[in-house]
Amino acid sequence: MTKKTSIMGLRDSAMAYRLADYQRPEPAVTTAPATTAPGFSPEDYSQPYCDFMTANPTIFHAVAGFAKQLESKGYKRLPEREAWTSKLQRGGKYYCTRNGSAIIAFSIGRDYQSGNGMAIVAGHIDALTAKLKPVSKVPTKAGFVQLGVAPYAGAMSQTWWDRDLSIGGRVLVRDPSTGKVESKLVKLDWPIARIPTLAPHFGAVSQGPFNQETQMVPIIGIDNSDLFQQSAPASAAANPDIKPGSFAATQPEKLVKVISKELGITDYNTILSWELELYDSQPAQLGGLEKDFIFAGRIDDKLCCYAAQEALLASPDSTSPGSVKMVGMFDDEEIGSLLRQGARSNFMSSVMERITEAFASSYGPNILSQTVANSFFVSSDVIHAVNPNFLNVYLENHAPRLNVGVAVSADSNGHMTTDSVSYGFLKRVADLCGSTLQVFQIRNDSRSGGTIGPMTSSRIGMRAIDVGIPQLSMHSIRATTGSLDPGLGVKMFKGFFDHFEEVDKEFTDF
């Protein structure tokens, strides 16, 4: 069977998810292969990645889905509020979350000693979206019920117009009998919103520029009651089930009812708050004549996060046994990483410190600095794949292709953390695991983006490199990657975990 026919067969393969499995509140767990043996096939990860993306549309669902998968593989949750010293053991596997929107997972080698290095792959799990405003109820206009939303990062661009948008996120609910506040995940499985374009027949006004506050307000329903009565519309009448001054009173009443029904909430006033967002409801799917593309929303950057976690799970305990293998997924990268769940926070550094302290006979700056110096950080974020319609904007010999392999990202002005040492390190890993490394750098007359690489490596002090899996249409509501690219990412990151100690011995002078 050729590679192409095996990709086409994914649709009916036994390992492929069924979409019906996702119609439930809890996040789905991937079922990708548990190991990447010599017969490793990147296409084995294509459909599972699509299904994970469809099942986990918001950052809260993605983190919960990854956590559920980790627990199914024997990883134990470590609450940040508790002490870890007595819980950490050599050979142990653990994870912790922060704010429900960032997660760090790690396995401790059976021969690990405090001061040894940590092999780390980390990226960001947030994506461009439109978030509901604190008061999302807005006046009905011309018979349309609308929703107050605000763009997160670069969302609500023109790619968001005329899309089938659904809603999901987390809802904070207080149990009246115990007083405890619980976080509940919700996602509606049908499109509930749309941002309508103005037809070109209206002339110049239909061509923009457009005002995001007044001209990109989603419609979520129809209420023509004002046409049939002199008094205020029925929708404006106070609902006796919603107390004035409650959170529910600040949101569209029908939305409160729908969300409550989905979660089994009978008292609307127990909803303390929520963080809901709009997302493209179209499922992620394989595309192209021979199924060699993946079309999906939110690829940036759940793609690298997915590959990193699968690599961690696939890396056997027998490899790099004296080290800690770690994966980090952070929130807020698209807006600067400045919040406590972002890469600029102490989340990763505190986890590293706790691990180092737990196995040290005496703990202090010396042993922690030794750990940092012996560690290596792979910053993973999607990279611009070459667009055949705009070849002129790419730098020659720096135009990554789909379905080839992970690309190293470089920048002479420090927007990336790659240097000659880190490139040499990862190139040795690629050679050992049979991966192909591509390279990307922006042209001098273009503007480079940024990643968590420089901020994390400079704050902690680790050797580091910036890499990523190529994708087209970055920052669009819907993007494209290669059907082999999730698996090729797994292969590269697994190789890094497997060969970390072997390669590190060759780079002791850096």
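Computation of the quantities below employed the complete heavy-atom set of this structure, encompassing side-chain atoms and omitting hydrogens, waters and symmetry-equivalent molecules.
- In this structure, the side chain of S320 engages the main chain of D498 through a donor-acceptor pair within 3.5 Å.
- The aromatic rings of F295 and F293 lie parallel to each other, their planes meeting at an angle below 30°, with 60° marking the opposite boundary.
- Judged by distance alone, with hydrogens and angles left aside, the side-chain atoms of T456 form no donor-acceptor pair with the main-chain N or O of G453 at under 3.5 Å.
- A side-chain donor from one of Y152 and D126 sits under 3.5 Å from a side-chain acceptor of the other.
- Here the side chain of S41 pairs no donor or acceptor atom with the backbone of E43 at under 3.5 angstrom.
- Between R77 and E71 there is no salt bridge, since none of the side-chain N atoms of the basic residue sits less than 4.0 Å from a carboxylate O of the acidic one.
- With sequence neighbours excluded, the residues forming a ring-ring contact (aromatic ring centres under 6.0 Å, His included) with F359 are Y112, listed by chain and number.
- D411 contributes no side-chain N or O that, together with a main-chain N or O of I442, makes up a donor-acceptor pair within less than 3.5 Å.
- A donor-acceptor pair under 3.5 Å is absent between the side-chain atoms of S315 and the main chain of K494, judged by distance alone.
- Ionic pairing of K93 and D317 is present here: one or more N-O contacts between side-chain nitrogen and carboxylate oxygen are shorter than 4.0 angstrom.
- Under 4.0 Å is where a charged nitrogen must lie from a carboxylate oxygen, and between E82 and K87 at least one such pair does.
- For H398, the ring-ring contact (aromatic ring centres under 6.0 Å, His included) test picks out no residue, with sequence neighbours left out.
- Aromatic ring centroids of Y95 and F106 lie 6.0 Å or more apart.
- Relative ring orientation between Y306 and Y49 is described as perpendicular, the plane-to-plane angle rising above 60° on a 0-90° scale split at 30° and 60°.
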Worked verdict on D280 versus R298 for salt bridge (charged side-chain N to carboxylate O under 4.0 Å, His left out): CA-CA 9 Å; D280 176 30; R298 307 167 296 279; 5.5 Å; no

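- The backbone N or O of D431 lies less than 3.5 Å from no partner atom in the side chain of S435, so there is not a single donor-acceptor pair.
- Summarising the local packing, CG of N366 is surrounded by 12 or fewer heavy atoms from other residues, nucleotides or ligands at distances under 6.0 Å.
- The pair E277-K131 does not count as a salt bridge, with every side-chain nitrogen at least 4.0 angstrom from each carboxylate oxygen.
- Around the NZ atom of K76, the shell of radius 6.0 Å holds no more than 12 heavy atoms that belong to other residues, nucleotides or ligands.
- Ring geometry, Y394 versus F440: the interplanar angle exceeds 60°, so the pair is classed perpendicular (tilted spans 30 to 60°).
- For the 3.5 Å distance criterion, the side chains of N413 and H415 fail to qualify, holding no donor opposite an acceptor.
- Aromatic pair Y94/Y75: ring centres not closer than 6.0 Å.
- When all heavy atoms of P191 and S281 are compared, the pair lying nearest together is CB-OG, 3.8 Å.
- Judged by distance alone, with hydrogens and angles left aside, the side-chain atoms of Q438 form a donor-acceptor pair with the main-chain N or O of G405 at under 3.5 Å.
- Between the side chains of D331 and H124, no donor-acceptor pair is found at a separation under 3.5 Å.
- D466 and T451 are linked by a side-chain donor-acceptor pair at a separation below 3.5 angstrom, with hydrogens and angles left out of the test.
- Taking the ring-ring contact (aromatic ring centres under 6.0 Å, His included) definition, one finds that Y423 meets it with nothing, sequence neighbours left out.
- Under the 3.5 Å distance criterion, the side-chain polar atoms of S114 are matched with a main-chain donor or acceptor of T356.
- Donor-acceptor pairing under 3.5 Å is lacking for the side chains of R463 and N374.
- Panel note: side chain S46, backbone S483; a donor-acceptor pair is recorded below 3.5 Å.
- With no hydrogens or angles considered, no side-chain donor-acceptor pair links D51 and T54 at under 3.5 Å.
- Judged by distance alone, the side chain of R401 and the main-chain N or O of A385 form no donor-acceptor pair under 3.5 Å.
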